[in-house]
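One structure is given here, and the rest of the page talks about it.
Start at 1 with the first residue, then count along the sequence.
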Amino acid sequence: RGFSLMELMVAVVVGGAVLLSVGAVLMAQIEIARVAESSQRLRDNWSRLAQFIESEIILSERILSDPTVIVAIAGSGNVCSYATSDIKLALVSDDNASVIIYALQPVANGDTQWRGPNLLKRCGKLDSTGALVGAIRDQVLADGVVAFTPVITVETLNTLSSAGRNVTVDLSLSTPASPAT
């Protein structure tokens, strides 16, 4: 005997509703996985950045956190022209031959290249392997930085000292709205 036209139409509508529901759940799961992957990638990048900063701190002889002292010591080494208010930390070699400055700069309005709110930047003559290079490099280390707060835990760190490696660095970041590429 078979199905009537009405029964077939009801079956198509019910089947379509089920497919739409399953599709919506599947799309939500894909979005959740994308956000989780993006967040994990960001955490991994920040972990590598923290290790990089830690290794530079270990290689330095002096650690400075006072921006006015940093500008005075860096002199022409501050050719990256960071504003004093942007400078957060400087790592100095034993002979003052190389100064590495870390600065937190806000992203300019209308600049769509960066997601902001701030960029963590590094300026110095040392490259990422610790080799002294001729030209001073101004590099963006991280985007989406909310705060970069170095805390020197020993008061004598602004002088030559073997204790010059006791620094706590707080890195606060924002979660990307879209996946990092």
Do side-chain atoms of S38 reach the backbone of R34 as a donor and acceptor pair under 3.5 angstrom? no

Under 3.5 Å, which donor-acceptor pairs link side chains of residues 4-16 to any protein atom two or more places apart or in another chain?
residue : atom : partner : partner atom : Å
S4      : OG   : E7      : N            : 3.3
E7      : OE1  : S4      : N            : 2.9

Sidechain-backbone polar pair: S55 side chain, F52 backbone, donor-acceptor under 3.5 Å: yes

Report yes or no: do R43 and Q40 form a side-chain donor-acceptor pair below 3.5 Å? yes

What's the shortest heavy-atom distance between V99 and A90, and which atoms? CG1-CB, 4.3 Å

For the CG atom of D44 and the CG atom of L49, what is their distance to the nearest 0.5 Å? 12.5 Å

Flag yes if V146 and V107 sit in one hydrophobic cluster, no otherwise; membership is Ile, Leu, Val, Met, Phe, Trp, Tyr, and two members link when side-chain heavy atoms are under 4.5 Å apart. no

Distance, nearest 0.5 Å, that separates CZ of R122 from CG of L91: 8.5 Å

Listed by chain and number, what are the side chain to side chain contact (heavy atoms under 4.5 Å, CB included) partners of T84, not counting sequence neighbours? P67, T68, V71

Working to the nearest 0.5 Å, report the span between OG of S65 and CD1 of I87. 11.5 Å

In Å and rounded to the nearest 0.5 Å, what is the CD1 to CG distance from I53 to L141? 6.5 Å

Output the distance between atom CG (L26) and atom CD (E31), rounded to the nearest 0.5 Å. 12.0 Å

Keeping D143 on the side-chain end and W114 on the backbone end, is there a donor-acceptor pair under 3.5 Å? no

To the nearest 0.5 Å, atom CD1 of I101 lies from atom CG of L89 at 10.0 Å

Report whether W46 and L119 are members of the same hydrophobic cluster (ILVMFWY, side-chain heavy atoms less than 4.5 Å apart, transitive linking). no

